[in-house]
Q: 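There's a structure below that I have some questions on.
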Amino acid sequence: MVEPIKMQSREEREIAIEAAGFNTFLLRSEDVYIDLLTDSGTNAMSDRQWAGMLLGDEAYAGSRNFYRLEKTIQNFYGYKHVIPTHQGRGAEHIISRALIRQGHFIPGNMYFTTTRLHQELAGGQFVDVIIDEAHDPTSEHPFKGNVSLQKLEQLINKVGAENIPYVSLAGTVNMAGGQPISMACVKAVRELCKPKGIRVYLDATRMVENSFFIQEREEDFSDKSIEEILKEFCSYTDGAWMSAKKDSLVNIGGWLAINDHDVFELARNMVVIYEGLHTYGGLAGRDLEALAIGIEESVLQEHVRSRVDQVRYLGNLLETWGIPIVRPVGGHAVYLNAKSFFPHIPQSEFPAQTLAAELYIDSGVRSMERGVASAGRDEKTGEHKYPALELTRLTIPRRVYTQAHMDVVAEAVKSVWDKRDSIRGLKIVYEPKYLRFFQARFKRISSS
Ligand code: P61
C-alpha cells in the first residue's frame, strides 16, 4: 500500500507550526513530510501480521487470540502470567497501583515520562540510580543504561528495603538516548535485591533492541541468539510491562507480565476496572493476533540488525558534519544534543523544543523534544526541572523508511545547523498539569 505525502512550502510550515504552538505533537500529520516523532505505533506491519488481523476472534471472553498471545509472551519473554493492556501506560498504571504505596521510593535507570507519572500518582517517588555516564552525551560507555549499584545500595540503606516496592529497570533507556543495560548489570541488581526482598520489574518496551546490543558488546553473548538473550535477561526480573507499539511491530497494544501469583491476581482484578476483561485488556482480538506474530518477527536477527544499523547510518552521517549527537548511537533514534547545537540559547528557553520546531519549518521533518519541557516542574518549588540532557529525538519507525529518507533527514538537520547562530529560543505560554510536553504551547522570543 502507498500513501501520497505532501511537500509544503516553508511559508505553509511556518503557519502550521505557529498554529501548533511550536509543539511538534500538535502538528497535523498531513503537514509532515518525514515523520520521526516516534517509533511508537508507527511501524509497518508485515504480510503475516495483516493476514493475522483477519483471524480475530472477537469474543468478549476467552478469545483464542489471547491464548496464542499468552503462549507467545511466555515463550519469548519467559514470564508466567500475562495481562493484555491497551498500550504501555495502561500496564504502568496497573503495576504502579498494585505495588506502590504512599511514601514508597522507586529506583530506576533514568525516568521515563509516563512511567514516573504513574509511580508518582500511586504515591511513590522515583529515584534515578543510573550510572553518571548516562547523563553525559559524549561518554562512549557501551552500556549507558546500567544501574549504579552504589547509588542503589545507598538508597536501600537510606530508606529501607521495605519502602522500595520494586526496582524499575528499562531496556533500552529512552531518555538517555536509547542506551542499553548489560546482562552483567541486571544480574548484579538481582543479586543485590533478592536477599533484601526487593522485586525487580522491567520496562520491556525495547528489550529486543537491548538484547542486540548485549549480543554485540558483551563478552560471552556474541554466539547467543536475540531470543536466548531476551529470555535470559527477563529471567532475572519478576515481571515486566510492555508498550508493544515499539519492538513488537504493532500499531497498538501492550501487556503486563508477572511471575508472582498473588501480584498477578491483584493486577488481573484491576485490569477489569481500567482496561477491559483480562483476556482482551482494551484490545480487539485481531490486535492480539498481530501482536503475537509481531513478537515472533521482532527477534529475527536480520530484522534487528538492519533496524539498528539504519539508526546508526543516520547518526554517522550527522557526525561526519560535526553535528553534536548523543554517543554511542542508540537503538531506536538519533538524539541531537541541543545544548551544543544552540549554546546561545539558555535551557530556560527550550533549546531542544526550538530545534524540533526549526527543523520542521526548514524541511517538514518532525522530531520530538526530550529536554526541559519533557522533564516538567518540581512539585514543591514549581520551578522547571533542568535535566542534564537537552535532546531532540529523530526517531526511526521500524520497516518504514529507506536509507534515502535518512539522507534527506541528515541534510535537513545540516541546513538548520548551518544557520544555528541566527535562531532564537522559545517561551512557554500554556502548559497542562500532567505530561505537559504533549500539549504545551510556545511562542518565539522576540529579538527586542
Ligand atoms: C515514545 F513523548 N514511548 O518513545 P505507551 N515505556 C517506554 C516508552 O518509550 C513508552 C512507554 C513506556 C513513546 C510514546 C510516548 O513522553 C512520551 O504505549 C520506554 O506509549 O503508553 C512510550 O507506552 C509508554 C511519547 C510516550 C512521549 C511518552 O515515543
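Whatever order the structure lists them in is the order used to number ligands and atoms, beginning at 1.
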Q: Would you say Thr115 and ligand 1 have an N/O pair spaced under 3.5 Å apart?
A: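 Such a contact does not occur with ligand 1.
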Q: Does this structure show an ion pair linking Arg327 with Glu140, if we count only N-O contacts that are shorter than 4.0 Å?
A: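 Yes, Arg327 and Glu140 are salt-bridged.
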Q: Does Glu18 come within less than 4.0 Å of Arg444, counting only side-chain N to carboxylate O?
A: no
Q: Need the ligand 1 atom indices (1-based, order shown) with element for anything under 4.0 Å from a heavy-atom of Lys246.
A: 3 (N), 5 (P), 9 (O), 10 (C), 13 (C), 14 (C), 18 (O), 20 (O), 22 (C), 23 (O)
Q: Could you check Arg398, Arg312, Lys246 and say which one makes a salt bridge (charged side-chain N to carboxylate O under 4.0 Å, His left out) with Glu209?
A: Arg398
Q: Checking the N or O distance criterion of under 3.5 Å, is ligand 1 in contact with Arg370?
A: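 By distance alone, the answer is yes.
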Q: Counting only heavy atoms closer than 4.0 Å, does ligand 1 sit against the backbone of Arg393, its side chain, both, or neither?
A: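 Under 4.0 Å from ligand 1, Arg393 contributes side-chain atoms alone.
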Q: Would you say the ring centroid of Trp255 lies under 6.0 angstrom from that of Tyr77?
A: yes
Q: Please report whether the ring centroid of Tyr280 lies less than 6.0 Å from that of Tyr60.
A: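 Ring-ring flag for Tyr60/Tyr280: true, centres closer than 6.0 Å.
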Q: Tell me whether the centres of the aromatic rings in His303 and Phe212 are closer together than 6.0 Å.
A: no
Q: Which is closest to atom 7 (C) of ligand 1 by heavy-atom distance: Thr172, Asn174, Asp203?
A: Asp203
Q: What atoms in ligand 1 come closer than 4.0 Å to a heavy atom of Glu92?
A: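 Listed by number with element, the hits are 6 (N), 12 (C).
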Q: Going by the atom numbers of ligand 1, which of them fall below 4.0 Å from some non-hydrogen atom of Phe25?
A: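 Per the distance check, 2 (F).
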Q: As an exercise, identify every atom of ligand 1 less than 4.0 angstrom from a heavy atom of Arg89.
A: 5 (P), 20 (O), 21 (O), 23 (O), 26 (C)
Q: Find all atoms of ligand 1 within a distance of less than 4.0 Å from any non-hydrogen atom belonging to Met368, and give their numbers and elements.
A: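 Going through ligand 1 atom by atom, the ones under 4.0 Å from Met368 are 2 (F), 25 (C), 29 (O).
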Q: Measure from the ring center of Tyr111 to the ring center of Phe126 and say whether it is less than 6.0 Å.
A: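 Here the rings of Phe126 and Tyr111 have centres that are no less than 6.0 Å from each other.
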Q: Which label fits Phe341 and Trp417: parallel for a plane angle under 30°, tilted from 30 to 60°, or perpendicular past 60°?
A: perpendicular
Q: To the nearest 0.5 Å, how far apart are CG in Leu318 and CD1 in Ile325?
A: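 Interatomic distance, Leu318 CG to Ile325 CD1, rounded to 0.5 Å: 6.0 Å.
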Q: Consider every N or O of Gly88 and every N or O of ligand 1, then say whether any pair is closer than 3.5 Å.
A: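 Looking only at distances, the answer is yes, because the N/O contact criterion of under 3.5 Å is met.
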Q: Which of the atoms of ligand 1 are close to Thr38, meaning less than 4.0 Å from one of its heavy atoms?
A: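 Matching atoms, with element in brackets: 1 (C), 29 (O).
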Q: Any nitrogen or oxygen of Asp39 lying under 3.5 Å from a nitrogen or oxygen in ligand 1? Just yes or no.
A: no
Q: Identify, for atom 18 (O) of ligand 1, the protein heavy atom at the shortest distance, and state residue, atom and that distance.
A: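 I find the closest protein heavy atom is Ser243 OG, 2.6 Å.
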Q: Considering distance alone, does some N or O of Thr113 sit under 3.5 Å from an N or O of ligand 1?
A: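 Yes, Thr113 has an N/O under 3.5 Å of an N/O on ligand 1.
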Q: N/O of Lys245 under 3.5 Å from N/O of ligand 1, yes or no?
A: no
Q: Compute whether any side-chain donor of one residue and acceptor of the other, for Gln215 and Gln301, lie under 3.5 angstrom apart.
A: yes
Q: Check each atom of ligand 1 against the heavy atoms of Thr114 and keep those under 4.0 Å away; list them by number with element.
A: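 Those atoms are 11 (C), 24 (C), 28 (C).
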Q: Does even one non-hydrogen atom of Trp241 get within less than 4.0 Å of ligand 1?
A: no
Q: Need the ligand 1 atom indices (1-based, order shown) with element for anything under 4.0 Å from a heavy-atom of Phe437.
A: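 Heavy-atom distances to Phe437 below 4.0 Å select 2 (F), 16 (O), 17 (C), 27 (C).
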Q: Would you compute the distance between atom CG of Leu394 and atom CG of Leu359 and round it to the nearest 0.5 angstrom?
A: 6.5 Å
Q: His332 near ligand 1, heavy-atom distance under 4.0 Å?
A: no
Q: Salt bridge check: are Arg48 and Glu297 linked by an N-O gap of less than 4.0 Å?
A: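 Salt bridge between Arg48 and Glu297, a charged N being under 4.0 Å from a carboxylate O: yes.
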